[in-house]
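Worksheet for the structure shown next.
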Amino acid sequence: MSDCIFCKIVDNEIPAHKLYEDDLVLAFLDISPITKGHTLVIPKVHQESISALAPEYQARLIDVSSKIGKTFVRTQEYDGFNLHLNNGQCAGQVVPHVHMHVVPRIGTDGFHWNWRSLEYKENQIEVLITKFNEKFTT
Ligand code: AMP
Ligand code: ZN
């Protein structure tokens with residue numbers, strides 16, 4: 001897609017610090033990292049949503065993302081990593097081209113996800129599961 005910043009990185013029209021590339025995906029350092037090493041893994045085709053991505057791209061995206069996380073742990077600079085994907089504007093997606101965040105972690109890095117802990121009321125769980133089952137397809 002011509003005005004997509006990540007497609008431009010795939011096409012070498014704008015620079016990026018690339019860590020890995022194959023026929024389906026590209027990995028490069030995030031320009032504004034949560035931790036040093038924060039990497040984005042993207043498909044080499046333009047899709048906004050992971051749900052619209054062909055299965056072989058989805059599989060490669062996960063496989064390469066976990067290998068990049070494992071590689072950072074192997075450097076012995078990190079103890080673990082987060083894989084994080086924002087799907088949709090309401091979920092925090094800013095760049096409308098699928099991207100997995102790989103965030104290398106160490107206990108002292110000072111970053112905390114802003115989790116909260118809600119509670120279900122009465123039959124909310126049953127209603128939720130019923131609606132989910134009505135719509136689920138493989
Ligand atoms: P998201 O909020 O999930 O859409 O994340 C978009 C990410 O893309 C942010 O973490 C940005 O720092 C990153 N980003 C935006 N432009 C670039 C770029 N040119 N090179 C590397 N990372 C970028
Ligand atoms: Zn794109």
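In each ligand, atom 1 is the first atom listed, and ligand 1 is the first ligand listed. Computed from heavy atoms alone, side chains included, the values below leave out hydrogens, waters and symmetry copies. All residue numbers in this chain count up from 1 along the given sequence.
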Revision key, fill the gap. min-distance protein heavy atom vs atom 4 (O) of ligand 1 -> Val94 N, 2.7 Å
Check your understanding: Is there a heavy atom of Ala16 sitting under 4.0 angstrom from any atom of ligand 1?
Key -> no
Review point. Who's the nearest protein heavy-atom neighbour of atom 2 (O) of ligand 1, and how far?
Key: Gly92 O, 2.8 Å
Exercise for review: Verify the neighbour count for atom CD of Glu13: are there more than 12 heavy atoms of other residues, nucleotides or ligands below 6.0 Å?
Suggested key: yes
Review point. Do the rings of Trp113 and Trp115 sit parallel, tilted or perpendicular, given the 30° and 60° boundaries?
Key: tilted
Study note, to complete from the structure: Counting from 1 in the order shown, the ligand 1 atoms closer than 4.0 Å to a non-hydrogen atom of Leu29 are 21 (C)
Check your understanding: Which of the atoms of ligand 1 are close to Asn86, meaning less than 4.0 Å from one of its heavy atoms?
Key -> 1 (P), 2 (O), 3 (O)
Study note, to complete from the structure: closest protein heavy atom to atom 17 (C) of ligand 1 is Ile31 CG2, 3.8 Å
Practice item. Would you mind reporting whether Leu26 and Ile9 have side-chain heavy atoms less than 4.5 Å apart? Key: yes
Study note, to complete from the structure: The atoms of ligand 1 lying under 4.0 Å from a heavy atom of Val95, numbered in the order shown, are 4 (O), 6 (C)
Point to revise | Proximal ligand 1 atoms for Ser32, defined as those under 4.0 Å from one of its heavy atoms | key: 12 (O)
**Study point:** Validation row: Leu40, Phe28 side chains within 4.5 angstrom (heavy atoms)
**Key:** yes
Exercise for review: Using the rule that two of Ile, Leu, Val, Met, Phe, Trp, Tyr join whenever any of their side-chain heavy atoms come within less than 4.5 Å, decide whether Val103 and Ile106 are in one cluster.
Suggested key: no
Exercise for review: With heavy atoms of Gln93 as the reference, note each atom of ligand 1 found under 4.0 Å away.
Suggested key: 4 (O)
Check your understanding: Are His101 and His99 close enough that their ring centers fall under 6.0 Å?
Key -> yes
**Study point:** Co-membership, hydrophobic cluster, residues Ile68 and Met100, 4.5 Å side-chain
**Key:** yes
**Study point:** For atom 10 (O) of ligand 1, the option (of Asp30, Leu40, Ile14) bearing the nearest heavy atom
**Key:** Asp30
Revision key, fill the gap. Under 2.8 Å from the Zn ion (ligand 2), the protein N, O or S atoms found are Cys4 SG, Cys7 SG, His46 ND1, His97 ND1
Practice item. Find out if a path of hydrophobic residues (ILVMFWY) with successive side-chain heavy-atom gaps under 4.5 Å connects Val98 to Leu24. Key: yes
Point to revise | Ion pair Glu77/Lys36, N-O distance below 4.0 Å | key: no
Point to revise | Those residues that, when tested against Glu134, pass side chain to side chain contact (heavy atoms under 4.5 Å, CB included) (two or more places apart) | key: Thr130
Review point. Does the side chain of Phe111 come within less than 4.5 Å of Arg105's, by heavy atoms?
Key: yes
Check your understanding: Relative to the heavy atoms of His99, which atoms of ligand 1 are at a distance of less than 4.0 Å?
Key -> 1 (P), 3 (O), 4 (O), 5 (O), 6 (C)
Practice item. State plainly whether the residues Asp22 and Arg60 are in salt-bridge range, i.e. N to O under 4.0 Å. Key: yes
Point to revise | atom 19 (N) of ligand 1 [closest protein heavy-atom partner, distance rounded to 0.1 Å] | key: Ile5 CD1, 3.7 Å
